[in-house]
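Chain letters run A, B, ... following the sequence lines, proteins first, then strands; residues in each count from 1. Values below: every heavy atom of this structure, side chains too, minus hydrogens, waters and symmetry copies. Note that the structure is predicted; figures quoted are calculated from it, not measured.
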There are 2 protein chains.
Amino acid sequence: MFLSTFHNRIDKKARVSVPSAFRLALAGEAFQGVVLFRSYRHEALEGCGLVRMQQLSQRLDQLAAFSDEQEQLATSIFADAEALSFDSEGRVTLSDRLRAHAGLEEEAVFVGQGATFQIWQPKLFEQHLAKARERAKAQKLSLAGINLPGLNPSTAG
Amino acid sequence: MFLSTFHNRIDKKARVSVPSAFRLALAGEAFQGVVLFRSYRHEALEGCGLVRMQQLSQRLDQLAAFSDEQEQLATSIFADAEALSFDSEGRVTLSDRLRAHAGLEEEAVFVGQGATFQIWQPKLFEQHLAKARERAKAQKLSLAGINLPGLNPSTAG
DNA sequence: TGGTAATCTATGGGATAGCATGGGAATGGG
DNA sequence: CCCATTCCCATGCTATCCCATAGATTACCA
């Protein structure tokens, strides 16, 4: 599981430490590294382990229940994705293409999303988070019967 | 289950003992620690075990991969949550971010909420409790038809 | 029943290991 | 032969581990 947010530096060689908590979440996988691709919705990167990408691939193969749009989306993700392995210190090197898309220069914010994570340029993430929080608060999040204290007003005691 | 209220000190290293009763409630889980996040509704922290978060993550993941709502919810919930493991004495270290949100300095009040718990700054909790009691009194709240001696005035002999 | 010993919880502080970070050396493809 | 990437080592900081103490409660035994 990817939880919390971490704030790391990108050095002159475009290397950045993947937070140890995230590395721990991937410790069981054969491929020691992360898969990164450009978010189609945000000026940010999406990331996960290789295992998840494989599962996604299988689901696409077996199920034809996806819409054309979704299939296209998935295809573009696979085409865009890069598998980056950890160096001995737990860092990965970001390509120019990835950095350009997310506006990454000297700092990166790693954002846990449960099964996946995102990488943001600090200022952009600040804006994004403010918006997300506001909307979440306004909408009384009640998706799929999810009931979380502090999110659903109805659970007040 | 998290029951009762406990009053513990926060030391200079921002460590605080999680009440042994709460640790006992989490004894069966693989991850020995707690997940904390900032409450939306209060100037306080919400807490639970990692298992609860994983269940949430799975439900969210199955629901609608790549949907806007899914992503927004994931950001609101998981980006803010921190998984803090117990040290050998059953303490956790609070981050600056968590402490700032709840106004925590030297003391913390752990408040059982059943499936979850809260952490409050003592004075703020006192105020919160007073308000909650007042409201309950005014509305003569009953728990959805549940008749519990000592809670429902009407049952008094 | 009373008194003492043992245990557990909460707390504090010092030592140590791990993490994030930076720079140089070796490697290999163009 | 040059440039870019990867590997390896050094460093400061912080978090974690480990030990010590005190108070309270519980267990035990006479």
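- The backbone N or O of B:Ala102 lies less than 3.5 Å from no partner atom in the side chain of B:His42, so there is not a single donor-acceptor pair.
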* Asked: Should B:Asp87 and B:Lys13 be marked as a salt bridge (charged side-chain N to carboxylate O under 4.0 Å, His left out) after you check the CA-CA gap, both sets of side-chain angles, and the distance that decides it?
  -> CA-CA 13 Å; B:Asp87 70 9; B:Lys13 297 181 183 176; over 6 Å; no
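- Residues of residues 8-26 of chain B having a heavy atom closer than 4.0 Å to DNA chain D, listed by number: B:Lys13, B:Arg15.
- The backbone N or O of B:Val16 sits nowhere less than 3.5 Å from a side-chain atom of B:Asn8 that would complete a donor-acceptor pair.
- A:Gln113 and B:Thr75 share a donor-acceptor pair across their side chains, judged by distance under 3.5 Å alone.
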* Begin from the C-alpha positions of A:Gln118 and B:Glu71 and carry the test side-chain hydrogen bond (donor to acceptor under 3.5 Å, both in side chains) through to its verdict. => CA-CA 10 Å; A:Gln118 298 177 339; B:Glu71 195 232 306; 3.2 Å; yes
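- Not counting sequence neighbours, the partners of A:Phe2 by the ring pair (Phe, Tyr, Trp, His ring centres under 6.0 Å) test are A:Phe22, A:Phe117.
- Straight-line distance from the CD atom of A:Glu106 to the P atom of C:dT21: 12 Å, rounded to whole Å.
- No side-chain donor-acceptor contact under 3.5 Å links A:Gln121 to the backbone of A:Glu106.
- Using modelled atom types, one finds no donor on one side chain facing an acceptor on the other under 3.5 Å when comparing B:Ser17 with B:Arg9.
- In this structure, A:Arg99 CZ and A:Leu36 CG are separated by 13.0 Å, a value rounded to the nearest 0.5 Å.
- Between B:Arg97 and B:Glu82, at least one side-chain nitrogen of the basic residue sits less than 4.0 Å from a carboxylate oxygen of the acidic one, meeting the salt-bridge criterion.
- Residues from residues 96-104 of chain B placing a heavy atom under 4.0 Å of any atom in DNA chain D do not occur.
- Alongside B:Val109, the hydrophobic cluster contains B:Val111, B:Trp120, B:Leu124, B:Phe125, B:Leu129 (criterion: ILVMFWY side chains under 4.5 Å).
- Using a 4.0 Å cutoff to heavy atoms of chain A, the contacted part of DNA chain D runs 5' to 3' from D:dT6 to D:dC9.
- Atom-to-atom, NE2 of B:His7 to C1' of C:dT11 comes out at 15 Å; the value is rounded to the nearest Å.
- Residues of residues 87-95 of chain A that place a heavy atom closer than 4.0 Å to DNA chain C, in numerical order, are A:Glu89, A:Arg91.
- Note: the hydrophobic cluster containing A:Phe37 also contains A:Leu56 (ILVMFWY, side chain heavy atoms under 4.5 Å, direct or indirect links).
- Atom CE of A:Met53 and atom OG1 of A:Thr116 lie 11.0 Å apart (nearest 0.5 Å).
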